[in-house]
Each structure stands twice: as structure tokens, then as C-alpha cells.
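Note sheet for the following structure.
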Amino acid sequence: MWHVLASLGILVCAIQAIRSQRLLMSALWLAGTSALVSLLLYLLGAPEVAVIELSVGAGLVTVLFVFAINIAGEEAIHLRSPLPRVLTWVTVIAATVLVGWMVFPGMAMPASVPVAEPSFTTTLWVDRRVDVLLQVVLIFSGVLGVLGLLSEGRAGAQKESRQ
Amino acid sequence: MTLNITNVAVLVVLGLFATGFYGLLAVRNLIKVVVALQILVKGAMVALVAAGNLTGQLQAAQSMALTVIVADTIVAVVALALAVQVRRCIGTLDIKALTSLKR
Amino acid sequence: MDATTALTGLILTPLVASPLVYLFGRLAARAGAPRNPARWLALVVLAAALAFLFPAGQAVLNGSAVEVVDGAIALRMDGIGLLLAAAVLVLGLLVTLFSSPYMAGEEGEEKFYALLVMMCGTMVGLGCASDLFNLWIWFEAMAVSSYMLVAFYRQQGASLEAGVKYLVQSAAGSALVLLGIALVFSQSGTTSLAAIRAGAAAGSGPVLMAAGALFLIGFGVKTALVPMHTWLPDAHSQAPSGISAMLSGVVIEAGLVALLRAVGALAGVSTSWGLLLMVFGAMNILLGNLMALRQKQVKRMLAYSSLSHVGYMLIGLGVTVGFQLAQGAAGGFFHLLVHVLMKGLAFLAAGTLLYALHLAQGSHHPLVADDLNGAARRYPFIALVFSLALLSLGGLPPLAGFMSKWQIFVAGVQTHNMAVIVLVVFAALNSVLSLGYYAPLINRMYRKEIGPVVEMGKPVPVVMAVPLALLALALVAAGFYPALFGWLVNPAAASLLVAFGG
Amino acid sequence: MAATLLILSIAIPWFGALVVWLAGDARPRLQHGLAVAFSVLAGAVAVALLPFSSSQILLSIPVGGAFGDFTFAADGLGVFLAVVATVVGSLAVIFSVGYMRGEQQLGRYYALVLFFIGAMVGLVLTTNLLLIFFFWEITALCSYALISFYNDDPKAVAGGIKALIITQLGGVGLLLGALMIFSYTGSFDLRDFIAQAGNIPQTALAVMAFGFLAAAAAKSAQFPFQTWLPDAMEAPTPISALIHAATMVNAGVYLLVRFYPAFAEVPGWRTAVMLVGMLSALLTAIMAMVATDLKRALAYSTVSQLGYMVYAVGAGGLFASQFHLMSHSVFKALLFLSAGAVIHGVGTRDMRLMGGLGQKMPFTRAVFVIGALALAGLPILNGFWSKELVLEAGLVGGPLWMWVVMLVGAGLTACYTFRMVWMVFYGQPRAKLHAHEAGAAMKTALAPLAAGTLLTWLLAGPFSKLLESTLPLHALESHSTLHYLEEVALAPATLIAMVVIALGLAAWWQRARLQGLVNALSGVARAAADSFGFEAINRGIVRATQNSAENLRVTQTGLVSWNIFGIMAGLVLVLVILLLGA
């Protein structure tokens with residue numbers, strides 16, 4: 001039962017996040033989506049990642065959004081969509097229906113019995129250690145990217161070196 | 001069709017997929033484009049965990065989902081930084097203003 | 001050194017060294033060093049990686065794929081991985097060398113080199129990934145490290161705009177790939193490419209087919225398949241020229257390799273993969289050529305021509321996938337390699353002129369065709385190598401671009417399939433059409449009346465000319481002796497044939 | 001020894017190209033000297049290769065795979081054309097010393113000329129289809145670069161690109177044919193192909209045959225690709241003489257002769273070849289009647305004479321076609337170079353401004369008249385013998401009506417040749433032009449060519465002996481010179497031809513009386529001046545391509561939403577294709 005409610009909630013929040021005119025509201029709806037996704041993940045049997053999604057997805061990312069909106073400023077852009085409305089709907093529906101039609105029968109089977117698996121920690125830190133290494137790479141690249149994009153420029157750099 | 005959890009999860013994935021792409025197509029504010037991207041990736045993440053649930057390999061799915069969260073957050077961070085810089089430099093977040101490069 | 005250690009070293013060196021490059025560069029910048037040491041460090045790191053590549057590559061060429069296993073994930077270098085690694089490291093080295101005067105004095109130089117090294121490292125890893133999810137994360141890491149490089153001139157609106165488009169499209173594509181991975185995982189219960197291939201051959205279904213389509217589109221965004229190509233002309237024209245060369249020379253090819261790996265695992269699911277590759281090939285060739293035809297900005301024109309060259313590769317690879325002829329992939333990979341050389345050369349040469357004519361004078365104007373009038377008088381060497389690159393792109397002998405196209409066409413006709421033969425003729429006609437935009441540029445450079453822009457041009461540093469000379473030499477050598485790269489290309493073709501069950 | 005000479009004949013010009021380029025434009029005298037030295041050396045090497053001609057493979061570089069082994073043979077046909085290329089090439093280079101004096105960027109000029117000579121030699125000496133295509137394209141590349149040598153002149157740039165694109169379009173036919181041959185015989189060696197041609201399915205063989213015909217027609221500026229050659233006349237005149245009269249344009253004829261044994265049995269192919277030759281010969285002869293630009297008139301006559309060669313190949317007269325090729329190379333090079341001397345002397349190419357130049361340039365007039373008489377096909381000169389052989393071959397191997405058309409063409413040739421000589425050298429001066437006689441270097445180049453025009457017909461016997469050593473399956477018999485002379489002199493057809501040629505001359509003489517006829521033909525003349533609409537077709541295609549390219553640029557909207565739409569559209573497309581395929 002819970003999963004149906006959570007799912008409905010996810011979709012409502014997501015649609016609201018797209019629809020809402022104010023950026024801040026949009027970010028908050030996204031946080032809601034994230035929180036409900038984390039609930040769904042929990043129900044799907046993934047408690048560890050649900051917690052992380054709750055803290056990172058609903059927490060950290062929302063903070064980042066609010067931060068960015070603060071800097072960039074709330075800008076009211078509620079003009080019409082740049083694409084013809086019909087085209088938007090047709091492509092989205094066509095793609096979704098096609099994928100859904102191909103995918104749904106194959107996915108709609110009862111969950112199988114969990115196979116004997118090592119624990120989450122082992123899977124993450126032993127089996128998929130390369131992925132973790134790459135997370136570090138990603139974080140480093142991302143941070144460098146942000147620094148590169150946002151540093152204050154010449155004047156800032158000089159001030160920094162004087163300190 | 002029963003409303004068991006994998007069925008529902010697949011529907012959620014499709015819904016998020018459609019919403020995300022609708023957002024990318026219809027939204028004009030750069031920051032909201034990032035929101036749409038987030039929604040898209042959340043859909044993929046739910047799909048991953050649901051797949052783990054289906055095949056009974058939840059731990060592998062979980063560790064992948066974790067990596068996805070990290071990667072996705074990084075992309076969001078860079079995208080937001082870019083948006084902020086666009087706002088500083090060009091003065092607006094409207095993607096319609098970002099059409100100097102064409103043809 | 002045994003091959004496994006070498007492979008470990010090869011993959012880890014750039015990843016570990018990249019932060020060091022940044023750190024030293026940052027410290028030096030703070031200390032106010034006039035010449036940032038980051039560039040030399042980057043050069044050393046890439047050279048070290050190249051040194052690791054030799055023992056690893058030797059083993060691959062001897063017929064045994066080299067493997068590093070860590071937990072459930074194996075990094076496995078086969079022919080394709082070797083080809084990509086060699087291309088990435090060689091071009092990376094040359095671009096680093098080229099950038100040292102080009103980027104000198106730019107703010108954030110150390111970040112540039114650190115990310116460049118990181119990007120090279122992630123591409124080498126991407127070529128070796130043998131696990132579907134691992135492949136995606138290498139791919140994502142490559143993308144993230146390139147975002148800032150594209151939007152490097154962050155005070156320039158156009159540059160930011162290109163960055164935005166690149167990021168949004170790239171991220172949407174990678175979300176599609178991720179969805180595809182989830183679909184595959186739900187059916188196979190594994191992410192190992194080999195295991196997926198084994199399972200997909202036995203029982204297949206529309207789910208895996210949808211996954212294949214998602215891979216094709218998701219990785220296709222990075223490979224710049226038409227109609228997902230729209231980010232490419234913007235990004236290539238706005239990035240610093242070294243990065244344009246990297247993007248065009250290896251990043252889109254890395255996307256192609258990722259695409260082949262992922263779709264190759266699902267080869268048994270559908271018989272249409274070869275057809276799809278060739279359809280995209282035809283669209284890429286035609287659109288790329290027509291869009292380039294009326295283009296006035298030099299770098300943008302080169303970017304569009306990248307589209308058409310990806311198309312030629314796709315035709316060669318499609319022949320292998322669809323008809324199990326190794327010749328096609330040999331041609332496709334040969335063209336990939338030659339494209340690294342000639343497009344690298346073209347972008348670097350255009351970059352040199354851009355540097356001399358605009359950047360060195362503090363202007364961020366794009367380089368337009370008119371600026372090149374009479375360039376041969378002041379920059380005879382640059383004009384010569386640029387002409388060589390353009391003629392090779394147009395597929396004229398005695399340059400390598402002719403030979404690689406030839407091999408692709410040979411494979412296409414060998415299928416004895418009427419549709420493919422028609423496609424070959426179509427591609428050949430397009431090759432002629434492409435001369436319609438390459439040739440006028442060359443004519444401009446050899447005008448006797450020097451244009452006002454060239455008149456005021458600054459001299460070109462010698463360091464920039466070195467990579468140009470090396471690339472041009474390779475281009476001519478492979479044109480006269482096309483078997484020159486056979487040792488590198490044929491194992492890659494064999495690997496592809498294995499992947500698609502030949 | 002022979003293999004060394006063969007390599008040297010390609011390597012010397014190419015090495016020379018590099019050296020001249022590196023010598024730098026600051027030292028023009030050195031560049032002139034080097035270019036002459038290398039081209040003469042190449043000519044000497046090619047001549048030295050003559051006694052070694054044989055149908056054996058001399059040299060094979062193993063490459064394998066999709067490229068075949070790089071094989072070379074110095075057979076009769078190949079060596080002959082190599083000698084023509086290098087000897088005429090060296091004369092053109094010598095002429096250039098005078099003609100190009102004081103020009104800038106000489107390094108580029110000479111490097112490309114030498115590069116071209118080497119490629120032309122390679123083209124005729126290799127037996128690997130890939131290499132044939134390879135050298136074929138290099139000659140096109142050099143031709144393009146040299147036509148647009150004066151890059152400041154938009155007409156030169158446009159002419160160069162036009163030549164490049166049209167010959168490349170035809171080249172697609174050669175490409176397709178070569179690839180088909182490989183896919184059926186598993187080899188790029190043309191000997192294998194000619195030997196096995198009978199085993200290839202008829203339709204595939206027909207595709208190859210007509211592909212090669214298209215390539216040959218484009219390269220030799222034959223109908224319907226003839227439009228590029230007149231525009232190529234923007235090149236410096238020595239280039240026109242060398243590339244666009246004496247050597248490169250012969251490559252198409254060479255290709256047809258080379259593969260004749262394989263394709264002769266393809267239904268309709270020989271007729272098509274003859275038809276192409278006939279239409280080219282006739283149409284361009286008419287165009288030459290109304291041309292006012294000296295070089296363009298010569299260019300039209302080149303196309304027309306090439307038409308005779310192609311016609312001869314179609315009729316099975318391989319020897320006649322090659323013999324005419326030899327004569328034509330000599331007298332057309334002579335005509336172009338002496339026209340170059342005129343143009344250099346007076347500074348214009350417009351024949352309407354010339355007239356009465358003979359008094360100021362007696363030497364040039366003398367050699368030009370010799371060349372013109374050979375072109376018109378008057379007895380004793382080399383053009384007479386070879387053209388008569390072509391016409392005889394046509395009478396034997398082709399339908400009568402085509403022969404009649406070719407005869408009419410011969411009459412027209414005489415007429416326009418005479419018109420040309422008259423307009424340039426005789427009559428009253430029509431404009432104040434400061435003419436001066438050709439310099440020493442130019443004379444050095446012109447004299448041997450004039451002598452050749454007078455004498456090369458004596459070589460018919462040795463020449464046929466040489467062609468006997470062509471690759472196997474070419475049934476070429478050798479006869480003595482005397483045999484050929486008798487054959488021509490005693491044939492009744494020759495008499496008819498002479499009458500027609502005389503009529504052509506008389507027509508020019510009596511042009512005032514024939515005014516009524518001229519007026520009647522003015523419509524044809526106008527159409528001819530307009531290249532019979534082929535220019536319009538060319539322009540139409542170019543404009544259509546450019547317009548569609550311009551219109552397509554709208555698709556790059558620069559708006560992220562549309563970019564994402566592209567992704568979605570791609571996804572839907574792929575899904576649909578996959579579902580349809582399943």
C-alpha cells in the first residue's frame with residue numbers, strides 16, 4: 001500500500017517541480033520527490049541507499065539549489081515553452097509509450113528470491129572498489145570544475161595570495 | 001496487472017522519465033533545466049534498484065545506486081555553477097537568451 | 001614489467017597525478033611563478049602513462065587481452081582499448097605541448113592541465129572497462145572532467161553557452177544510458193559485459209532491445225550522431241583549440257567505443273544494429289557536409305566536418321556488425337585513428353592561426369574564413385600543414401584520409417549488398433562535396449594579397465609548431481604506406497568482431 | 001636496373017618537388033634551375049626505361065589486406081605515356097623559366113608541377129588498382145592547385161574547384177569499379193582482373209565498365225563532363241600545355257585502353273564509348289568555332305581531339321588512339337606553349353584584340369602554324385597520319401554514320417584552326433598591343449616540339465613495337481612504319497577526309513560568301529557559346545546544393561530545448577527501426 005502512495009507522491013512532486021513558476025518552490029518540490037524516492041527505495045529493499053538518497057538528494061542537493069538560486073536570483077521566466085506545445089507532448093508520449101510498451105512485460109514479474117549476496121559494505125568496498133575510486137575522480141573533477149567556473153578572477157586570486 | 005511493488009516502480013520510472021524530458025523540452029529557466037535533469041536521473045536510479053529487486057541482487061544494485069547519487073550530485077553542482085556564471089556573465093537564466101551560437 | 005602491472009600503472013597514473021598537477025600548479029600560481037609548472041608536470045604524467053602503455057600494449061598485440069581484476073570489476077585491455085589508449089595519450093601529449101604557449105597566462109591554467117590529464121586518464125579507463133556500469137561511470141567521469149574545459153573562457157558568454165548545451169545534452173544522454181543499464185540488469189542480473197552477451201544470445205526480449213536503443217542514443221549523444229549532434233559545433237568552436245582537438249579527435253571516438261561496447265553486449269538481441277549504425281552514418285555524412293558547406297567560421301566548419309567523419313567510421317563499423325566482415329571495422333578503426341591525426345592537426349593548426357591573429361592580441365573573435373587571406377605568406381609552415389589536414393579530411397591522396405576511406409569503401413562493396421554499395425557511392429559523392437568547403441580555405445591561404453588581419457598577426461611560438469609537424473608527418477606516412485597502423489587497427493577490428501559474435 | 005629506373009622516374013620528380021619547395025621563394029634563380037634539372041633528369045630516366053619495357057611485374061611492395069600489393073610494371077603502354085609525361089613536362093618547365101620569371105610563390109608552382117609529373121608517371125606504370133586511383137587523384141589535386149595558382153583571381157579559384165569537383169565526381173566511377181573488381185577477384189592487380197573478367201557476372205562487369213567510362217570521361221573532359229576544361233584555362237599557360245593538353249587529360253583515354261580487353265565484350269559499352277567520343281568531338285569543335293579567348297579555343301580543340309581518341313578506342317583501334325595521343329601531345333603542347341608566348345608577349349588572351357602579330361613574333365608564328373597545320377590534319381605532319389588512322393579504325397570498327405560525323409568534325413577542325421591562326425597572326429592589328437618575341441628559354445622549349453610535330457609520325461613502326469610489350473591480353477600487332485604509311489596513303493577514306501578538310505579550309509576562306517549560312521547557324525553558335533546548356537546545368541546543381549545547405553542551417557537553432565528534442569526524436573526513430581526489424 002505504502003509503495004502506491006509513495007509512487008503517486010513522487011509523480012505529483014516531480015510534476016509540481018516542473019510546473020511551479022518560482023525557482024525556490026521548484027527546488028522544494030524536488031526535495032519532496034527525492035524524499036519520497038528514498039521511501040520507495042527503502043520499500044524496494046534498499047535501506048542503505050535510501051538513507052543516502054535522503055541525506056544527499058533531499059538534503060545536500062536542495063541546499064545547493066537554494067544556494068544557487070540565492071546567488072543567481074529568482075528570475076520570473078514564465079513565458080511560453082520555446083517549442084510548439086503539441087510537439088513536446090507528442091515526442092514525450094511517443095518515447096515513453098514505446099519504451100514502456102517494450103519494457104513493461106519484461107519487468108512485470110514478481111521479484112525473485114534474493115540470491116546469496118555479500119553485504120552492502122562488501123559489495124561496495126570490495127566488489128565495486130573501482131567505482132568508488134571513480135567517485136573520488138568525479139568529485140575531484142567536479143570540484144575543479146566549480147572552482148574554475150566560479151573563482152573570483154584575477155583580483156580575487158591576488159587577494160588570496162596576499163593573505 | 002497487480003499493483004505489486006516492481007510494477008509500480010516501473011510505472012514510476014516511466015513517469016519520472018516522461019516528466020524529466022517534458023521539463024527539458026518545455027522549461028526555459030536554466031536552473032529548472034537542472035531540476036529536470038535531476039528528475040530524469042532519479043528515475044534511472046529507481047529503475048536500478050527495482051532491477052536489483054527483480055533479480056534478487058539488491059546489494060549490487062544499491063552500490064551502483066550510491067555511485068549514481070554521487071555522480072548525479074556532482075553533475076548538478078557543476079551545472080548550477082555554470083548557471084550562476086551564466087547569470088553573472090549574461091545577466092539572465094532564460095535559455096532563449098543563450099542562442100548566440102547557431103547555424 | 002609484466003603486462004598487468006603496466007596496465008594498472010597506465011590507468012592509475014593520470015588519475016593519481018591529476019590532483020598533483022593541480023596542487024603544484026596552484027602553489028606556483030600563488031607564488032607568482034611566471035611560467036606555470038603544471039604544463040610540464042602534465043607532459044611528464046602523460047609521457048609516463050605512454051611508457052606504461054608499451055608493455056601492456058605488447059601483450060595485447062601478442063594476442064592475449066591484459067586484465068586487471070579488482071573485486072567484481074575487471075579492467076581488460078583488448079584491441080579496441082589499446083587503440084583508444086594510444087590515440088588518447090599521443091594526442092593528449094601533443095595537445096599539452098601545444099597548449100603551453102596557447103594557454104600561457106590564462107587564469108586557471110593549472111585547472112586546465114589537471115582536467116586535461118584527468119580526461120585522458122578517464123578515456124584510457126573507458127576503453128578498458130569490461131563491466132557495463134563501470135563503463136558508464138568512466139564515461140561520466142570523462143564528461144565531468146570535460147565540462148569546465150569546454151566552458152574554459154568563463155567570461156565569454158558564448159563559451160558558457162556552449163558549456164550549458166554540452167552539459168545538458170550530455171547529462172540527458174547519460175541518464176538514458178543509466179536507464180538502459182537498469183533494464184539490462186533487470187534481465188541479466190549482472191553487469192559484466194561478457195556475461196550479458198552470453199545471456200542475451202540465449203534468451204532475448206524487447207526489454208534488452210529497448211536497452212540497446214537507449215545505449216545507442218545515450219552514448220550517441222557523445223558520439224554526435226545526427227540528430228543528437230547539436231552540442232558539437234558549439235562546444236568545438238568555443239573551447240580552447242587544444243580542447244577542440246581533444247573533443248573532436250578522441251572524446252567523440254571514446255563515446256563511439258563506449259557505444260560499441262554496450263551495444264556489442266546486446267549483439268544477439270537484434271539483427272538491426274549494423275543497419276542502425278549505417279543509417280546514422282549516412283545521416284551524419286550528409287548533414288555534416290551540408291552544414292559545413294556554408295559555414296564561415298573555421299572551427300565551426302571543422303566541427304561539422306567531424307560529424308561527417310564519424311559517419312564514415314559508422315559505415316565501416318556497421319559493415320562489420322551487420323555482415324561479419326572484419327575489413328569494415330579495420331577500415332572504421334583506421335579512419336578513427338586517422339581522424340585523430342587529421343582533425344587533431346586541423347584544429348591545432350586553426351588554433352595556431354587563431355592564436356596568432358586574435359588571441360595573442362587579446363581578442364576573442366572567432367576565426368573566420370576571411371581572416372586566412374594570404375596566411376601562407378606570413379605563416380608558410382602553418383598554412384602547409386593546415387592544407388595537408390584539410391586535403392586529408394577531403395580524402396585526397398597521398399594523405400592518410402584517402403586510405404582509410406578507401407578501406408571502408410572496400411569493405412562496403414565486399415558485402416555485395418546492393419544497398420550498401422549504394423551507400424558507398426553516396427559516401428564517396430559526399431566526399432567530393434566536402435571538397436567544396438575544404439578547397440576554398442586552402443585557396444584563401446595561398447592568396448598573394450595579404451589580408452589586413454594576417455598583416456597584423458603575431459609570430460607563432462616554435463613549441464606550437466612541433467606537434468603540428470609530427471601530426472603532419474604521420475598523416476603523410478600513413479598515406480603512402482597504409483599498412484603503417486595495421487598492427488594497431490587489425491587487433492581492434494578483431495576485438496569488435498568478437499564482440500558482435502563473428 | 002629496370003626496377004631502379006622505374007622507382008627513380010617517380011622519385012626524382014617528387015624529390016625535386018620537395019627540394020624546390022625547400023629552396024625557398026627568396027632564391028628564384030635557384031628554384032628555376034633546380035626545377036629544370038630535376039624535370040630533365042626525370043625525362044632522361046623515363047627515356048632510359050624505354051628499352052626495358054616488358055609485360056612483367058618489375059617491382060612489388062607487399063602491403064596486402066584492403067590495399068593489395070603495390071605492384072609496378074614498365075609495359076609498353078605505360079612507358080610510352082611516362083615518356084610523354086616527363087619529356088613534355090621538362091619542356092614545360094623549361095618554358096616556365098621564361099614565362100614565370102618574376103612571379104611570386106615559384107616554390108609552390110614548381111613543386112606542384114614536379115609532383116604532378118611524378119604522379120602521372122606512377123599512374124601509368126602501376127598495375128595496382130588502388131594505386132591507379134591514388135595517382136589519379138593526385139593528378140587531379142595538382143591540377144586543381146595549379147589552375148588556381150593565381151589565388152587572387154576569383155575566376156582562377158572557381159575554375160580550380162570546378163575542375164577538382166567534376167573530376168572527382170567521375171572518380172567515384174573509378175572508385176566503384178575498382179572496389180567491385182576487388183570484391184569479385186580478391187585482388188587489385190589489374191592483370192588478374194583482365195584475365196578473370198569473363199568469370200564476373202555480367203551486371204557487375206557492366207557497372208565496372210560504365211564506372212570506368214564515367215571516370216575516363218570526367219578526366220578527359222569528355223561529354224557530358226567537358227565543362228571544366230575551358231575554365232581550367234585560368235592556369236598559367238605552361239600548366240595548360242602540360243596538364244590540360246599533353247598529359248593528365250590523356251589519363252582517361254589511357255584508362256579505357258588499359259581495360260579495353262576486359263570491357264570490350266560488355267554489351268553496349270563500345271557503342272557508348274564511341275558515342276561519348278563523337279559527341280565531345282563534334283560539340284566542342286562547334287564551340288571552338290565561336291570562341292574568342294585564345295586558350296579557350298585551344299581547350300575546346302583539346303576536348304575535340306580527345307574525342308577522336310576515345311572514339312578510336314570504342315571502335316577497337318587501340319593503336320590508332322595511342323598514336324593520335326602521341327601526336328596530339330606533341331602538337332598541342334606546341335600550340336599551347338606558343339600561345340603562351342603570344343599571351344606573354346601581348347598581355348591578353350582575347351583573340352579579338354590580336355591580329356597581325358606575325359610580323360613582331362616571326363618565330364612564334366612559325367611554330368604555331370606548324371602546330372596548327374598538324375591539328376588541322378594536313379599531310380606530312382604527325383596529326384595527319386594519326387587522325388587518318390583514327391578515322392580508318394572508326395570506319396572498320398564502328399557504324400558508318402558516326403564516321404561521317406567524325407569526318408565533319410575534321411572539317412570543322414580545319415576551319416577553326418585556320419580562323420585562330422588568322423585572328424592572331426595575320427590581318428590588321430585590331431588594338432595597340434606592345435608585342436615582343438619569345439625569350440630564349442621559351443624558344444628552347446618550342447623548337448623540339450616543333451621538330452617533333454614535323455617528325456614523330458616516322459616513329460609509327462618503333463611505337464607499335466613498343467606497344468607490343470603491353471600487358472598480356474592486349475592483342476596489339478606491330479608493323480613497320482612503312483606499313484602504316486601505305487595503309488593511310490592508299491586508303492580511299494583518306495582521300496575523302498582530305499576533301500572534307502579542304503572544304504573546311506575553303507569555308508573559312510570564303511566566309512564572306514557563306515554569310516547567309518553563318519546567319520542560319522547563328523542560333524547554333526549562340527548555343528555553343530553557352531556550352532550547349534551544360535554550364536547552366538552545372539550552375540543549377542551547385543545552386544541547389546548551396547541552397548539546401550543554407551536552408552538546412554536552420555536546424556541548428558542554438559536552443560537547448562530543440563537539442564533535447566533531437567535526442568528524443570533519435571530515440572523514437574531507433575525504437576521504431578528496432579521494432580520493425582524484430
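Every chain is numbered from 1 and lettered A, B, ... according to where its sequence line falls, protein lines coming before strand lines. Heavy-atom basis, side chains included; hydrogens, waters and symmetry copies ignored.
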For [X], is it the side chain, the backbone, both or neither that has a heavy atom under 4.5 Å from a heavy atom of chain B?
| X | answer |
| --- | --- |
| A:Leu11 | side chain |
| A:Leu60 | side chain |
| A:Arg19 | backbone |
| A:Val146 | both |
| A:Phe65 | both |

Of the listed residues ([options]), which shares the most heavy-atom pairs with chain A below a 4.5 Å separation?
| options | value |
| --- | --- |
| B:Ala83, B:Ala60, B:Ala76 | B:Ala60 |
| B:Val35, B:Val78, B:Val13, B:Val49 | B:Val35 |
| B:Lys96, B:Arg87, B:Gln59, B:Gln38 | B:Gln59 |

Separation between [atom1] of [X] and [atom2] of [Y], rounded to the nearest 0.5 Å:
| X | Y | atom1 | atom2 | answer |
| --- | --- | --- | --- | --- |
| A:Leu36 | A:Trp2 | CG | CH2 | 10.5 Å |
| B:Leu66 | B:Met64 | CG | CE | 11.5 Å |
| A:Ile71 | A:Leu150 | CD1 | CG | 7.0 Å |
| A:Ile15 | B:Ile39 | CD1 | CD1 | 9.0 Å |

Tell me which of these, [options], has more heavy-atom pairs under 4.5 Å with chain B than the rest.
| options | answer |
| --- | --- |
| A:Leu64, A:Leu138, A:Val61, A:Leu23 | A:Leu23 |
| A:Gly57, A:Ser26, A:Ala72 | A:Ala72 |
| A:Gly145, A:Ala6, A:Ser7, A:Cys13 | A:Ser7 |

State, yes or no, whether a side-chain contact exists between [X] and [Y] at a heavy-atom distance under 4.5 Å.
| X | Y | result |
| --- | --- | --- |
| B:Leu24 | B:Val33 | yes |
| B:Met45 | B:Ile69 | yes |
| B:Leu11 | A:Phe104 | yes |
| A:Asp127 | A:Pro118 | yes |

Region of [X] that comes under 4.5 Å of a non-hydrogen atom in chain A:
| X | value |
| --- | --- |
| B:Val34 | both |
| B:Leu16 | both |
| B:Tyr22 | both |
| B:Val70 | side chain |

Give every donor-acceptor pair under 3.5 Å between a side-chain atom in residues 42-53 of chain A and any protein atom, sequence neighbours left out.
| from | atom 1 | to | atom 2 | distance (Å) |
| --- | --- | --- | --- | --- |
| A:Glu48 | OE1 | B:Gln62 | NE2 | 2.9 |
| A:Glu53 | OE2 | A:Ser34 | OG | 2.5 |
| A:Glu53 | OE2 | B:Lys42 | NZ | 3.2 |

field: Pair listing, salt bridge (charged side-chain N to carboxylate O under 4.0 Å, His left out) test, anchored in residues 131-151 of chain A, at least two apart
entry: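 Found A:Arg128-A:Asp131.
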